[in-house]
Amino acid sequence: MTDIETVPDPVRRPDGQSPPAQACPIGPVVDLVFSRWTTPILWTLNIYGRMRYVEIERTLGTITPKVLTQRLRQLERDGLVKRTYLPQVPPRAEYEITELGRSLAPVFSALVEWSGSNLTEVERARSDYDSSRG
């Protein structure tokens, strides 16, 4: 039988410290903000302000009503979007980005800047990769 102290612990870092509870601390943020359609919805509401459901749907173009409804509900649940129900005939709801959602603007700006500076290089790398694969 081996002494437990002499067996290396595969989850311990080489410096002996335990790794964080989650390997990537931004994982939950990526799941929250960068899932399909979430970013375009937040971007749209940040740019255009308060919008009705149909306006968001038209602006995004190819999103299905089911997916838009699911995303808006999730964003509302996460506190990134606020839904205001207007009891009129016909009833309608308006959506707007919250201050919490607006706080993501610098992240989106950084991504726009990165995109402008690097997408050409990404496309070139893809082309090189694809051509080397035959």
How is the hydrophobic cluster of W114 composed, in terms of its other members, when Ile, Leu, Val, Met, Phe, Trp and Tyr link through side-chain heavy atoms under 4.5 Å apart, directly or indirectly? L119, V122
Spell out, yes or no, whether V54 and I56 are grouped together once hydrophobic residues are joined by side-chain heavy atoms under 4.5 Å, including indirect joins. no
Polar side-chain atom of [X] near backbone of [Y] as donor-acceptor pair, under 3.5 Å:
{"X": "Y53", "Y": "P65", "answer": "yes"}
{"X": "T64", "Y": "V67", "answer": "yes"}
{"X": "E55", "Y": "R52", "answer": "yes"}
{"X": "S103", "Y": "L100", "answer": "yes"}
{"X": "S109", "Y": "A105", "answer": "yes"}

Measure the spacing between [atom1] of [X] and [atom2] of [Y] and express it to the nearest 0.5 Å.
{"X": "Q70", "Y": "R73", "atom1": "CD", "atom2": "CZ", "answer": "8.5 Å"}
{"X": "L104", "Y": "I97", "atom1": "CG", "atom2": "CD1", "answer": "7.0 Å"}
{"X": "M51", "Y": "I41", "atom1": "CE", "atom2": "CD1", "answer": "10.5 Å"}
{"X": "T39", "Y": "N46", "atom1": "OG1", "atom2": "CG", "answer": "12.0 Å"}
{"X": "L111", "Y": "W43", "atom1": "CG", "atom2": "CH2", "answer": "9.0 Å"}
{"X": "L80", "Y": "L32", "atom1": "CG", "atom2": "CG", "answer": "5.5 Å"}

In L72, L42, L75, L60, the residue satisfying side-chain contact (heavy atoms from CB on, under 4.5 Å) with W37 is L60
T44: what forms a side chain to side chain donor-acceptor pair (under 3.5 Å) with it, not counting sequence neighbours? none
Do other residues, nucleotides or ligands put more than 12 heavy atoms under 6.0 Å from [X] [atom1]?
{"X": "Y85", "atom1": "OH", "answer": "yes"}
{"X": "Y48", "atom1": "OH", "answer": "no"}
{"X": "Q88", "atom1": "CD", "answer": "yes"}

Tell me, do I26 and F34 make a side-chain contact under 4.5 Å, heavy atoms counted? no
Pairs in or reaching into residues 90-100: which pass side-chain hydrogen bond (donor to acceptor under 3.5 Å, both in side chains), with residues at least two apart or in two chains? R50-E94, R50-E96, R83-Y95, R92-E94
For salt bridge (Lys or Arg N to Asp or Glu O under 4.0 Å), just list the numbers for E123 and R126, CA-CA rounded to whole Å, side-chain angles, deciding distance to a tenth of an Å, and then say yes or no. CA-CA 5 Å; E123 290 300 324; R126 286 177 179 171; 3.1 Å; yes
